[in-house]
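Remarks on the structure that follows.
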Amino acid sequence: MTAPILRNLNELRAKHASWIRAAESVAVVPTMGALHAGHLSLVEAACADCDRVIVTIFVNPRQFNNAADLANYPRTEHQDAEKLAGHNVDVIYVPDGSQIYPDGYATNVSVSGVSDVLEGEFRAGHFDGVATVVAKLFLQTGAHRAYFGQKDFQQLMVVKRMARDLDIPIKVIGCPTVREPSGLAMSSRNLRLSAEGLDRAAGLYPVMQQVAARLAGGEGFGPLADEARSKLEALGFTDIEYFDLRCEDRLQLLQTPTRPARLLVAAWMDGIRLIDNIEVPVLNN
């Protein structure tokens with residue numbers, strides 16, 4: 001059964017009020033649409049944990065720092081609703097711009113520190129846009145729990161910090177990255193890759209796995225990173241913006257994984273910017 005699509009905040013709040021009166025728990029899965037199996041895994045986790053589930057679809061202009069990227073972002077609302085029909089979703093919230101940024105809107109949410117590195121260095125203002133829209137969606141939906149994929153690991157850290165700092169009463173849950181059979185992390189951007197680009201991009205994950213395994217074996221990160229960059233360039237990746245080893249909590253640079261760490265990468269293939277990350281086993285001295 002297809003969940004109702006609500007576009008008006010007052011309608012959403014009326015639904016929410018009835019759930020709260022019934023003492024039901026509410027989950028939200030914020031998305032920008034173009035749903036794939038990764039998104040649906042978040043929906044499944046939300047349905048397993050909570051009585052009611054809201055999936056939001058909003059292509060947020062404030063988190064794009066490239067006008068062409070915003071214009072080309074896939075908008076597939078009808079197909080998204082069909083994909084959600086097989087899940088226990090109660091509401092699909094698809095607000096128009098005026099429900100999120102009404103006339104005269106003048107507030108920005110900025111999370112310093114964890115947002116300044118990696119994506120923050122290459123996408124100016126991106127995380128301000130993310131933090132602002134997610135704060136709005138948390139408050140509009142009144143959800144008790146929110147579900148995000150670990151593929152966008154830095155985004156997950158920014159959202160957790162934002163909710164904690166603003167005392168928003170919600171638990172932010174990070175769910176494992178869902179991958180194609182080839183190992184490529186699922187992303188809406190993959191739709192824009194050529195068939196050859198998809199094949200070449202699949203080489204990213206094995207390179208990252210090899211580096212993580214060698215780090216766990218005690219090798220230093222510097223030489224491994226140089227070797228990995230060369231392998232990615234041979235695969236056809238261009239503009240490798242970062243290939244970093246960073247601690248999980250504050251995203252500070254590491255040379256050895258002496259504490260919980262992530263290997264994070266951003267690189268271009270076929271003119272499409274791809275990101276990925278994997279957990280690195282802690283090195284036991």
Kindly indicate, with the supporting measurements, whether the criterion side-chain contact (heavy atoms from CB on, under 4.5 Å) is fulfilled by D244 and L263.
CA-CA 6 Å; D244 287 0; L263 190 62; over 6 Å; no
With a 4.5 Å cut-off on side-chain heavy atoms, are [Y] and [X] touching?
X	Y	value
V109	L166	yes
L137	Y93	yes
I170	V28	yes
D249	K160	no
T177	F153	no
V91	L12	yes
T141	H16	no
L204	V265	yes

About how many Å separate [atom2] of [Y] and [atom1] of [X], when rounded to the nearest 0.5 Å?
X	Y	atom1	atom2	value
L84	Q79	CG	CD	12.0 Å
C175	Q150	SG	CD	7.5 Å
K83	T2	NZ	OG1	13.5 Å
T132	M162	OG1	CE	8.5 Å
F148	M157	CZ	CE	11.0 Å
R192	L198	CZ	CG	12.5 Å

Could you check whether any side-chain N or O of [X] sits under 3.5 Å from a backbone N or O of [Y], counting only pairs where one atom can act as donor and the other as acceptor?
X	Y	answer
D116	S112	no
D239	E241	no
D96	S98	yes

Are Y73 and F64, when compared by the centres of their aromatic rings, separated by less than 6.0 Å?
yes
Residues [X], [Y]: salt bridge by 4.0 Å N-O rule:
X	Y	result
D69	R189	yes
E227	K231	yes
E11	K15	no

Suppose we screen for side-chain contact (heavy atoms from CB on, under 4.5 Å). Which residues come up paired with E77, at least two apart in sequence or across chains?
I5, R7, V94
Applying side-chain contact (heavy atoms from CB on, under 4.5 Å) to L215 and not counting sequence neighbours gives V211, F221, L224, L245, P257, V280
What are the two closest non-hydrogen atoms of [X] and [Y], and how far apart are they?
X	Y	answer
A143	A27	CB-C, 4.0 Å
P95	F58	O-CD1, 3.4 Å
P30	F138	CG-CE2, 4.5 Å
P102	I100	CD-O, 3.4 Å
R13	L139	NH2-O, 4.1 Å

Contacts table for residues 44-57: side-chain donor-acceptor under 3.5 angstrom, sequence neighbours left out:
residue: D49; atom: OD2; partner: R145; partner atom: NH2; Å: 3.3
residue: D49; atom: OD2; partner: Y147; partner atom: OH; Å: 2.7
residue: D51; atom: OD2; partner: S25; partner atom: N; Å: 2.8
residue: D51; atom: OD2; partner: S25; partner atom: OG; Å: 3.2
residue: R52; atom: NE; partner: E24; partner atom: OE1; Å: 3.0
residue: R52; atom: NH1; partner: D90; partner atom: OD1; Å: 2.9
residue: R52; atom: NH2; partner: E24; partner atom: OE2; Å: 3.4

Only distances under 3.5 Å count here; give the side-chain donor-acceptor pairs of residues 118-130 to other protein atoms, sequence neighbours excluded, each with its distance to 0.1 Å.
residue: E119; atom: OE1; partner: R273; partner atom: NH1; Å: 2.7
residue: E119; atom: OE1; partner: R273; partner atom: NH2; Å: 3.4
residue: E119; atom: OE2; partner: Y242; partner atom: OH; Å: 2.4
residue: E119; atom: OE2; partner: R273; partner atom: NH1; Å: 3.3
residue: E119; atom: OE2; partner: R273; partner atom: NH2; Å: 2.8
residue: H126; atom: ND1; partner: Q63; partner atom: O; Å: 2.7
residue: D128; atom: OD1; partner: S110; partner atom: OG; Å: 3.1
residue: D128; atom: OD2; partner: N108; partner atom: ND2; Å: 3.2

Quick check on R75: does its CZ atom have over 12 non-hydrogen neighbours (other residues, nucleotides or ligands) under 6.0 Å away?
yes
Determine, for Y101 and R62, whether the Lys NZ or Arg CZ falls below 6.0 Å from the six-membered ring centre while staying within 45 degrees of the axis.
yes
Other hydrophobic cluster members with V282, side-chain heavy atoms of Ile/Leu/Val/Met/Phe/Trp/Tyr under 4.5 Å, chained?
none
Given the rule in the salt bridge (Lys or Arg N to Asp or Glu O under 4.0 Å) test, do E233 and R229 qualify, once you have shown the distances and angles that lead to the verdict?
CA-CA 6 Å; E233 288 170 355; R229 284 175 173 269; 5.8 Å; no
Test side-chain contact (heavy atoms from CB on, under 4.5 Å) applied to L193 and L274, step by step
CA-CA 10 Å; L193 289 168; L274 302 177; 4.2 Å; yes
Could you check V134, V114, L251, D152 and say which one makes a side-chain contact (heavy atoms from CB on, under 4.5 Å) with V158?
V114
Extract all donor-acceptor atom pairs below 3.5 Å that involve side chains of residues 32-41 and protein atoms in other chains or at least two apart in sequence.
residue: H36; atom: ND1; partner: G38; partner atom: N; Å: 2.9
residue: H39; atom: ND1; partner: H36; partner atom: N; Å: 3.0
residue: S41; atom: OG; partner: G38; partner atom: O; Å: 2.6

Is a side-chain donor-acceptor pair under 3.5 Å present for Q99 with K136?
no
